[in-house]
Number of protein chains: 2
Amino acid sequence: MTASDTRERLLDAAERQFSERGYDGASLREITQAAEANLAAVSYHFGSKEDLFVAVVARRVQPINLERLRLLDQAEARAGERPLEVEAIVEAMIAPVLRSGADGPCVLRMVGRANSESAAPTRRVVEGPMREIRARVRRALRRALPHLNERELSYRMHFTMGVVKSVASDQHLLHAISDGQCDPQDLDGTIAQLVPFLAAGMRAPSVERKRRASARSRRS
Amino acid sequence: MTASDTRERLLDAAERQFSERGYDGASLREITQAAEANLAAVSYHFGSKEDLFVAVVARRVQPINLERLRLLDQAEARAGERPLEVEAIVEAMIAPVLRSGADGPCVLRMVGRANSESAAPTRRVVEGPMREIRARVRRALRRALPHLNERELSYRMHFTMGVVKSVASDQHLLHAISDGQCDPQDLDGTIAQLVPFLAAGMRAPSVERKRRASARSRRS
DNA sequence: GTCTATAAAGGGATAGAC
DNA sequence: GTCTATCCCTTTATAGAC
């Protein structure tokens, strides 16, 4: 049992507990017990419960964001000088997060739940790296969807990230809603359904332009 | 100060605390203090923390679902024998929940957060009444979108309810993402953006049919 | 119905031995 | 690095006076 072995086991156990019971609901006693470690090990390795939480999230955030950038690079290579495909941009935003839940509890469940429970610690880890992704996604979407203004772009990006979060958090609901026809564990299946849904939403006419268009059609 | 006055103040204070800090994060001490009531009043009026939570949620759920049914009735009256407009169905699903947050914290924030923290108490109050709404919405969507199979209908309804939940929970994120251009308090503005987005997603081609269609187009 | 007081349990953190 | 033991605080819940 190496030095960092306990550390890893603590991270794994904490991730599970935090995602299942929320930050406040999870107790260090349960976490250390599940990790077959001592209660004091948390203090030794991480300092505090909050620092443990931050470490748990941080471990997942970087790989996810690297994968997002990789997918965007790949899509850009495919597109050459043309705007990226909306589907490719959407997939780059959502697939890495959803897939990160395949080998365990999804980060988004933890982050989402802790988001306003104790907002400060989470945002520290998540929002910094996310800013870069968001900027790049926004640039790509702006080119791909020139009919949208900045405000609408913001709304639609927000909606998109929102679906992902709730899909990751409430997998059991999907199973219930569909009478078992949809398998929440089948991430690729979910992604295959989600990408066209969101891409179509993204491509929806601008609300302002739509108003003007319908005013025009009434006149004619 | 009538008898039920304390009860109402407790419900109001509890709603705020639960939605801001989550079920576990909220303490009866803070709640009773905010309600200018005594700690023991919770036991007297509700029995336990969990029963208080259930009462808080239950108070909101019924009006929301009645409003949903009202909007569906209204849309059906407009449509006559034709299928309902997708926009109208989507709006009936989402607007009542979002608007219920106008005069206070949105139910969805509480429910969403408590959803897997302590799943049992929440589902008891929410899922029962929700089943009727879902069944009716599904029937309406099935007629309006005959190109979708049941599985896809499930996915898209799930996505739709998901966006709503996260939009309600993370209003601050919308403000941050948009550099202040989108006002999360402006519920009608958000609904006006959300309905066309989701309706377009709903109308997106069936994934299966799309595959066959693209196979056909490659042949031609 | 409302209060005080307290019970009983569980939480995070840490000192200090090994 | 790991452990035991313990401190100190907060939590929910309730008994019993008013």
So does B:E8 pair up with B:R59, basic N to acidic O under 4.0 Å? yes
Going through the checks in order, is the side chain to side chain contact (heavy atoms under 4.5 Å, CB included) test met by A:E76 and A:R136? CA-CA 12 Å; A:E76 276 176 8; A:R136 192 158 160 200; 3.4 Å; yes
Partners passing salt bridge (Lys or Arg N to Asp or Glu O under 4.0 Å) against B:R70 (at least two apart in sequence or in another chain): B:E67
To the nearest Å, how far apart are B:I31 CD1 and D:dA13 C1'? 14 Å
In whole Å, I'd like the distance from the CZ atom of B:R9 to the P atom of C:dG1. 13 Å
Could you run down the sub-3.5 Å N/O contacts of the protein with nucleotides 11-16 of chain C?
from: C:dG11; atom 1: OP1; to: A:S27; atom 2: OG; distance (Å): 3.1
from: C:dG11; atom 1: N7; to: A:R29; atom 2: NH1; distance (Å): 3.3
from: C:dG12; atom 1: OP1; to: A:L28; atom 2: N; distance (Å): 3.3
from: C:dG12; atom 1: OP1; to: A:K49; atom 2: NZ; distance (Å): 3.0
from: C:dG12; atom 1: OP2; to: A:L28; atom 2: N; distance (Å): 2.8
from: C:dG12; atom 1: N7; to: A:R29; atom 2: NH1; distance (Å): 2.8
from: C:dG12; atom 1: O6; to: A:R29; atom 2: NH2; distance (Å): 3.1
from: C:dA13; atom 1: OP2; to: A:K49; atom 2: N; distance (Å): 2.9

In terms of the angle between their ring planes, are A:Y23 and A:F18 parallel, tilted or perpendicular, with boundaries placed at 30° and 60°? parallel
Please round to the nearest 0.5 Å and tell me the distance separating atom CZ of B:R156 and atom CG of B:L148. 4.5 Å
B:Q33 CD to D:dT11 P: how many Å, rounded? 10 Å
